[in-house]
Amino acid sequence: MVSSRLSGYTLYNDANQAKQQFQSHERRLLPMFHPSKETVEAPASTGVSSPLRVAADASWLTPSPTLSLNERMGQQPSAGYPTLDLGFGEASFPLHPLLKAALQDAPARTQYAPVLGLPALRQAIAEHIVKTRGVAASADDVMVGPGSKALLYALLQVLEGDLLLPIPSWVSYAPQARLAGKRIIPVATDPADPCRLTPEQLTEALTSGQRESATPSLLLINSPNNPTGGMLDRGDMEAVAAWARAARITLISDEIYAELAHGWREHVSPACFYPEGTLITGGLSKAFSAGGWRLGYVVIPQSEEGSQLRAALSALASEIWSSAATPIQEAAVVAFTPNSEISSYVQSSARLHAAITTRIYQTLRALGILCPRPAGAFYLYPDFSPWRTHLLARGVRTSQELASYLSETWGIATLPGTAFGEPPDALRLRLVTSRLYRAKKTSAQEQDELLWHLLEQASTGTLSGQENWLTSSLPLVGETEARLAELVESLGALG
Ligand code: PLP
């Protein structure tokens, strides 16, 4: 086999191999190859006369695992329990009133915005980047779009070369790269410390990609990280940036969770060390709990090549989405303009995510479950491999089967490691804590009041030592802990 089996993704070199794999049951795992019309056959026709036929090149697409899980929640009965939603990564604090007011002021802005974004918003984002990342940026370097997801795809579409992708990584990078016709070179991380990325791991991946005739020239990094919740420390980030500069690799730094660092590890952008080769993406979805507003940005290096890239992105955007929604852009100016109320809101959100995520982390560790310590966002990435034989006795061999077992038997919705590119037998899962902020059986208004109360409490910085108060306000936290404890007890003691 000419493929590297470092992860759930496979690097293909050969069209026949790709074709066989494409037709096999493993199609769900999104095997990676350079698609061309010759390598893919049209799916079997279901009706010769049908006027609707999906193009072969699109027929491998399946819905994003996170979004489809979200849509299934609420429909899915589970054995005797209401399902605990630890599956969908959505920030869910109430919208800040200043953003709400700004949107209410903007409904008449029905004109298209400029393709690159409103000048005032690009300026505010540039200033936010200068202030929070300590790198130079001007309004000209910023492009706004309908979510950072769309901009990440646009980048993959217009940038040259194949993609080095650390495993595990966010669910959409690999399908996007594949849609953009790129090969994926998985970068294996240490299962005992999947939050780290080192020059040695990168060199190994680069060499294996080159050996298989790929042309790796892009590296995607994401700190704070989805799915692990980990962050690269300053030393590791500097080493990764230095490695990328020496290898002439473009860094795409997905910093959508930067504002939600928990505080014990600082957020460092690789642009501090490698400004000419780093693209930063971010947006409103996580720090401002406004995923549905679909507002993201990319910051492009200040250089001749940066200007060319901006022109290519702008051309692509002009042919696909034209501009992000104008009223949303108007309101987003407020989010990125310095304001003590808004920064206190963002900081309080980060503190609450830290408190709840750390609490569940401590529970997992006390139960003997391996899990990297979360440093940002609202994710945990536990590893059940110590229970492999116990799980086997229940017919569970893969992370997919483990996720089904947890959902069907224990009413705990999670996403399996395979969704993040892990090999099937890695018994890791992603848990999301942001949906534990829901109180039970309350109206939307009561729910908002509770969350405002929590945010207020967090703004005074008094959360430590308040764990009991927090968990009594948030019963789903205690329920999650109790259910995890029952699960571990039922699996039996480790030998
Ligand atoms: N990057 C990561 C790592 C994410 O987890 C998400 C959303 O879940 C996104 C990007 C997409 O964010 P946006 O809402 O800006 O498209």
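Only this structure's heavy atoms are used, side chains among them; waters, hydrogens and symmetry mates stay out. Just follow the structure's listing: the first ligand is 1, and inside any ligand the first atom is 1.
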Participant: Give the atom numbers and elements of ligand 1 that come within less than 4.0 Å of a heavy atom of Tyr257.
Facilitator: 3 (C), 4 (C), 5 (O), 8 (O)
Participant: Under the salt bridge (Lys or Arg N to Asp or Glu O under 4.0 Å) definition, can you give me all pairs with a residue in residues 275-289, not counting sequence neighbours?
Facilitator: Arg245-Glu276
Participant: For a quick test of reading the model, state the closest non-hydrogen atom pair linking Val334 to Leu99 and the distance between them.
Facilitator: CG1-CD1, 4.2 Å
Participant: If the threshold is 4.0 Å, N to carboxylate O, is there a salt bridge linking Glu479 and Arg483?
Facilitator: yes
Participant: Counting each atom of ligand 1 from 1 as listed, which ones have a heavy atom of Gly147 under 4.0 Å away?
Facilitator: 15 (O), 16 (O)
Participant: At less than 4.0 angstrom from any non-hydrogen atom of Asp254, what atoms of ligand 1 do you find?
Facilitator: 1 (N), 2 (C), 3 (C), 10 (C)
Participant: Does Ala137 have any side-chain contact (heavy atoms from CB on, under 4.5 Å) partners at least two apart in sequence or in another chain, and if so, which?
Facilitator: Ala126, Ile129, Val130, Asp141, Val299
Participant: Give, for atom CZ of Arg234 and atom CZ of Phe273, the distance between the pair rounded to the nearest 0.5 Å.
Facilitator: 4.5 Å
Participant: Could you work out, for atom 11 (C) of ligand 1, the closest of Ser285, Ser172, Ser148 by heavy-atom distance?
Facilitator: Ser148
Participant: Counting only heavy atoms, which portion of Tyr173 has something under 4.0 Å from ligand 1: side chain, backbone, both, or neither?
Facilitator: side chain
Participant: If you take the centroid of each ring, where Trp contributes its six-membered ring, are Tyr257 and His262 closer together than 6.0 Å?
Facilitator: no
Participant: Hey, does Asn226 come in under 3.5 Å of ligand 1, counting only N/O atoms on both sides?
Facilitator: yes
Participant: Taking only heavy atoms of Asn222 into account, list the atoms of ligand 1 that are under 4.0 Å away from them.
Facilitator: 3 (C)
Participant: Which one of Lys149, Arg294, Lys286, Glu255 has a non-hydrogen atom at the shortest distance from atom 8 (O) of ligand 1?
Facilitator: Lys286
